Every structure is written in structure tokens, then in C-alpha cells.
Amino acid sequence: MIGVQLRYSFRLYPSAGQRTALARAFGCARVVYNDALRARETARSEGLPFPKTGDLSKQLITEAKNTPERAWLGEVSTVVLQQSLRDLDAAYRNFFDGLKGKRPRMGAPRYKSRKDTRQAVRFTANARWSITPGHKLRLPKIGDLKVKWSRTLPSTPSTVTVVKDSAGRYFASFVVETGPEEVLPETTPEVGIDLGLGHFAVLSDGTKVDSPRFLRRAEKRLKKAQRALSRKEKGSKNRDKARMRVARAHARVADARREFHHQLSTQLIRENQAVAVEDLAVKGLARTRLAKSVHDAGWSAFVTMLEYKAARYGRTFIKIGRFEPTSQVCSQCGVKDGPKPLHVRVWTCGACGAVLDRDINAAVNIAKAAGLAVTARGAQVRPGLVPAPRSEAGTHPTPQPSTAR
């Protein structure tokens with residue numbers, strides 16, 4: 001088991017003065033980011049060499065502090081500004097890696113706006129931030145912030161990121177390293193998981209987990225808040241308040257979904273030695289009439305949780321290809337019966353006569369495709385009649401070939 005880097009987020013409750021200091025830090029980091037992006041785009045358009053991070057740091061931070069236009073950059077920690085330049089480097093690196101095919105394609109870096117609803121700044125160890133004896137988070141040039149500690153950090157954090165989300169809430173996100181001491185004792189069960197909409201997850205042992213449909217349940221409240229927002233005059237204080245109400249309603253939905261994903265993924269990882277899932281084409285499904293339900297389920301986030309928790313606790317995580325015919329193959333005899341419409345939830349195998357639940361059958365086939373030791377017994381709804389071979393169904397002058405395959 002290798003070390004895994006994790007993020008632990010805790011709610012912050014800054015005072016009025018600390019909120020002002022954080023807003024100043026957010027603004028300065030944004031200005032440095034935009035200045036660096038502008039310098040590189042100007043150099044690219046003029047055919048000049050790509051400016052290096054060290055040169056940009058000297059020009060846009062060190063020297064800029066001595067000018068009247070950027071003197072206020074000295075009011076925040078220098079580490080915050082340096083990390084803003086590193087964020088731009090990461091954005092360019094991801095963009096170029098996408099062009100080379102090393103990762104999914106993404107757009108070129110864009111300028112940040114002061115009207116962005118999410119703001120963040122990062123402090124590394126060089127900033128000399130600390131957790132005080134009174135369990136407060138001490139940040140340079142900001143002060144001691146009250147933290148709602150919901151759990152204990154497994155190790156000493158390397159960095160802390162302060163985030164203000166769309167709902168106006170503040171969070172401290174710590175990066176910690178986990179070690180082999182968190183590996184769980186080995187266990188026997190291995191499970192395949194079929195993710196869906198009718199049931200969020202169906203396991204190869206026959207267990208079905210209902211889909212909570214958090215967004216669908218909150219639609220009435222969200223529609224009311226969004227209609228109220230649309231009636232407010234742009235640029236008014238009332239519009240800001242209405243926008244905040246909409247953001248908080250969406251935040252409640254996202255928090256409930258994330259909590260559900262965490263609880264279910266942790267349970268599956270703790271109870272099973274190996275977990276197998278199917279690589280779903282979420283982007284393609286999100287372009288269909290099922291888009292809202294697909295986004296409400298949050299399959300990608302759930303699979304990501306399974307993957308990193310498996311690495312953290314010493315479990316095996318397997319993802320099979322999306323083109324495996326898991327819903328077309330009988331898990332009892334292995335005969336491929338062809339594609340079936342979505343409304344067909346139970347089907348009978350034409351070869352062995354087994355009556356199969358579509359979702360449980362798919363979960364069993366996912367486990368088998370991943371090479372897990374599972375039984376197909378859970379896929380069968382009830383035993384069916386095995387069709388007799390043609391040679392035994394009547395009398396023929398010559399032996400007839402069997403049609404059962």
C-alpha cells in the first residue's frame with residue numbers, strides 16, 4: 001500500500017475583520033494570476049519566449065509591490081501570491097497535456113473575475129501557518145480563525161487552502177498524507193456493483209441500494225428560489241440576497257449527496273476485499289433526456305471515492321470497460337442473449353431458462369469480468385423451465401440439431 005494524499009475540509013467561522021482580510025487575499029491572488037496570464041498571452045501573440053515563473057514572480061510580485069498601482073499586494077502573505085502563479089502553471093500544464101493526449105482535453109487558462117462565486121487561496125508550510133493551542137487556525141496577516149473540528153487529522157498537514165464557496169461559507173481544506181497504518185484487515189467477500197437510476201447501486205450479492213434523488217426532492221424549493229431571483233433587478237442588493245438563497249439551496253443538495261456517497265463507499269470498502277464497477281459514459285448520458293437524473297446520481301464522484309478509499313485501506317478496486325455486455329449475458333450459463341430495452345427489468349434466458357433480474361445479473365457479470373470470485377446465484381429471480389432439445393420434443397426419422405445455445 002502506498003501513501004495516499006487526502007483532503008480534510010472543516011468549516012471556518014471568520015469574524016467581520018477576518019472576512020475583510022480574506023477578501024483582500026482573494027483579490028490579490030486573483031490580480032497576480034490575471035497579470036501573469038496576461039504577460040504570457042502577450043508574449044505568445046508577439047512571438048516572444050514563454051515567461052518563466054521565476055521571472056513573473058520577480059516582476060509581478062517583488063517589483064510590483066514598490067509601485068503605486070500594486071503597493072497593496074504587500075498587505076497579504078507573499079506565499080498566497082506565489083501559489084497563485086503555481087496554479088497558473090498547473091492550468092497551462094493540464095491544457096498542454098490535453099493537447100498531447102496525456103489527459104482529457106480542457107480549455108486554455110482564462111482570466112478570473114472578482115464576481116466569481118468561489119474564491120480560494122492556499123498557504124504552504126513556508127507561510128508559517130499553524131493550529132493554536134486553542135484549536136484555532138492561525139493564518140499570516142489574517143489572524144486566528146474559529147474552526148469547527150469534526151474529526152481528527154491523521155497526520156500533520158502540508159498545506160491549507162481557504163475556500164469561500166457560492167453560498168458564502170468558508171472552509172479550511174488540509175492536505176494530509178496517509179500511511180500503511182490505515183490498512184484494514186483482510187476479508188473474504190468480493191462484490192461487483194451495477195450503478196443505475198432506478199436503484200443507485202445493485203450489488204452482485206443481490207443487495208439493492210435505493211437512489212435518494214436529492215435534486216428531485218428539492219426541486220420545488222429550488223424552483224421557488226430561482227423564480228424569486230429572476231424577478232430581482234440586476235445589480236441590486238435584493239438580487240444578491242436572492243442569489244445567496246439559491247446557492248444555499250443547491251449547497252444543501254450537494255452536501256446531502258456527498259454525505260450519501262461517503263457513507264455508502266466507506267461501507268462497501270470496509271465490508272469487501274475487492275470492488276468492481278463499470279466505466280460509465282457519463283458525458284454521453286448527460287446529453288440525453290436522462291441528464292438531470294444522471295447528474296443527480298453523481299456516479300463519477302462515487303466511483304472516485306471508491307477508488308481512493310480502496311487505495312487508502314488496502315483493498316482492490318477494479319474498473320471494467322464500458323463495452324462489456326453485462327446486461328446481455330446470462331450470468332448462469334454465459335450465453336449472450338442480445339440487447340434489451342430499458343423497460344425490460346426481468347428476462348428469461350433462452351438457453352438455460354433462468355429468470356434473471358436485469359440489474360443483479362449485470363452486477364454479477366461485472367464481478368466476473370473483473371475476475372472476482374462471486375456466485376451468480378443472486379442474479380436468479382426464480383428457477384425456470386429448461387427448454388428440451390428439439391430431438392427430445394417429438395419423434396423424427398433422423399436426429400435433429402439442438403436449438404438451445
Side-chain angles (χ1 to χ4, degrees), residues 6-16 18-19 22-23 26 113-121 137 145-153 160-174 195-201 209-232 234 236-268 280 282-283 285-286 289-306 308-309:
L6 298 176
R7 282 194 177 273
Y8 279 65
S9 293
F10 302 92
R11 184 76 181 269
L12 292 177
Y13 295 92
S15 63
Q18 290 168 345
R19 287 196 295 269
L22 285 171
F26 295 146
S113 170
R114 64 181 180 85
K115 295 182 180 180
D116 290 341
T117 55
R118 186 185 183 278
Q119 305 281 347
V121 290
L137 177 62
L145 290 88
K146 181 181 177 182
V147 185
K148 180 66 174 179
W149 300 103
S150 55
R151 51 187 171 169
T152 304
L153 292 172
V160 59
T161 303
V162 179
V163 180
K164 181 184 178 184
D165 68 2
S166 300
R169 303 176 300 178
Y170 293 84
F171 294 91
S173 179
F174 298 92
L195 300 175
L197 297 177
H199 290 88
F200 177 78
V209 181
D210 289 333
S211 181
R213 294 187 173 94
F214 295 107
L215 180 62
R216 295 290 187 180
R217 284 159 46 188
E219 270 187 328
K220 187 175 181 180
R221 183 172 63 250
L222 285 169
K223 286 180 180 178
K224 183 178 179 180
Q226 287 165 343
R227 278 198 298 265
L229 172 62
S230 66
R231 297 189 187 103
K232 301 297 186 289
K234 290 186 177 181
S236 65
K237 292 288 186 180
N238 285 337
R239 186 177 178 87
D240 289 340
K241 295 176 183 177
R243 187 204 62 79
M244 192 67 70
R245 281 193 289 270
V246 172
R248 287 172 181 167
H250 279 288
R252 281 193 292 268
V253 173
D255 290 346
R257 184 188 298 115
R258 189 183 305 110
E259 181 68 13
F260 168 74
H261 287 166
H262 271 299
Q263 291 182 356
L264 180 58
S265 59
T266 299
Q267 178 185 349
L268 291 173
L280 297 172
V282 178
K283 286 186 177 180
L285 291 170
R289 60 186 179 86
L290 301 174
K292 185 180 290 188
S293 297
V294 169
H295 287 304
D296 193 11
W299 294 327
S300 296
F302 177 72
V303 171
T304 300
M305 289 182 187
L306 283 176
Y308 86 74
K309 289 180 182 180

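Please read these numbers as outputs of a predicted model, since none were measured by experiment.
In this structure, K241 contributes its side chain and K237 its backbone to no donor-acceptor pair below 3.5 Å. Put simply, the side chain of R19 gets close to the backbone of P14: a donor and an acceptor are under 3.5 Å apart. Not a single donor-acceptor pair under 3.5 Å links the side chain of R169 to the backbone N or O of R248.
Residues A251 and A167 approach most closely at CB-CB, 4.2 Å, considering heavy atoms. The heavy-atom pair separating A225 from V246 by the smallest distance is O-CG2, 3.5 Å.
Under the 3.5 Å distance criterion, with hydrogens and angles disregarded, no donor-acceptor pair is assigned to the side chains of Q263 and Q267.
Taking CZ from F214 and NE2 from H250, the interatomic distance works out to 15.5 Å, rounded to the nearest 0.5 Å. For the atom pair NZ of K164 and CG of D116, the computed distance is 11.5 Å after rounding to the nearest 0.5 Å. Atoms NZ and CG, on K146 and L12 in that order, are 11.5 Å from each other to the nearest 0.5 Å. Atom OG of S113 is separated from atom NZ of K115 by 6.5 Å, given to the nearest 0.5 angstrom. Residue T304 holds its OG1 atom at 11.5 Å from NZ of K309, rounded to the nearest 0.5 Å.
When the ring-ring contact (aromatic ring centres under 6.0 Å, His included) test is applied to H261, the partners found at least two apart in sequence or on another chain are F200, F302. For S230, there are no side chain to side chain contact (heavy atoms under 4.5 Å, CB included) partners at least two apart in sequence or on another chain. Scored by the side chain to side chain contact (heavy atoms under 4.5 Å, CB included) test, R258 finds A254, D255, H262, M305 as partners (sequence neighbours excluded). Scanning for side chain to side chain contact (heavy atoms under 4.5 Å, CB included) contacts around V209 gives A201, F260, L264, with sequence neighbours left out. Partners of R151 according to the side chain to side chain contact (heavy atoms under 4.5 Å, CB included) rule, which considers only residues two or more places apart in sequence or in another chain, are Y8, F10.
A heavy-atom distance below 4.5 Å is found between the side chains of R11 and F171. Residues R239 and L229 have side chains in contact (heavy-atom distance under 4.5 Å, counting atoms from C-beta outward). Side-chain contact between L195 and V303 is present, with at least one heavy-atom pair separated by less than 4.5 Å.
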Counting only pairs under 3.5 Å, give me each side-chain donor-acceptor contact of residues 289-299, with atom names and distances, residues two or more places apart or in other chains.
| unit_1 | atom_1 | unit_2 | atom_2 | d |
| --- | --- | --- | --- | --- |
| K292 | NZ | E219 | OE2 | 2.9 |
| S293 | OG | R216 | NH2 | 3.0 |
| D296 | OD1 | L215 | N | 2.9 |
| D296 | OD1 | R257 | NH2 | 3.1 |
| D296 | OD2 | L215 | N | 3.3 |
| D296 | OD2 | R216 | N | 3.4 |
| W299 | NE1 | G196 | O | 3.3 |

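Within 6.0 Å of the NZ atom in K232, the count of heavy atoms belonging to other residues, nucleotides or ligands exceeds 12.
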inquiry  = Show, in sequence, the C-alpha distance, side-chain angles and deciding distance for K224 and K220, and conclude whether the side-chain contact (heavy atoms from CB on, under 4.5 Å) test is met.
reply    = CA-CA 6 Å; K224 183 178 179 180; K220 187 175 181 180; over 6 Å; no
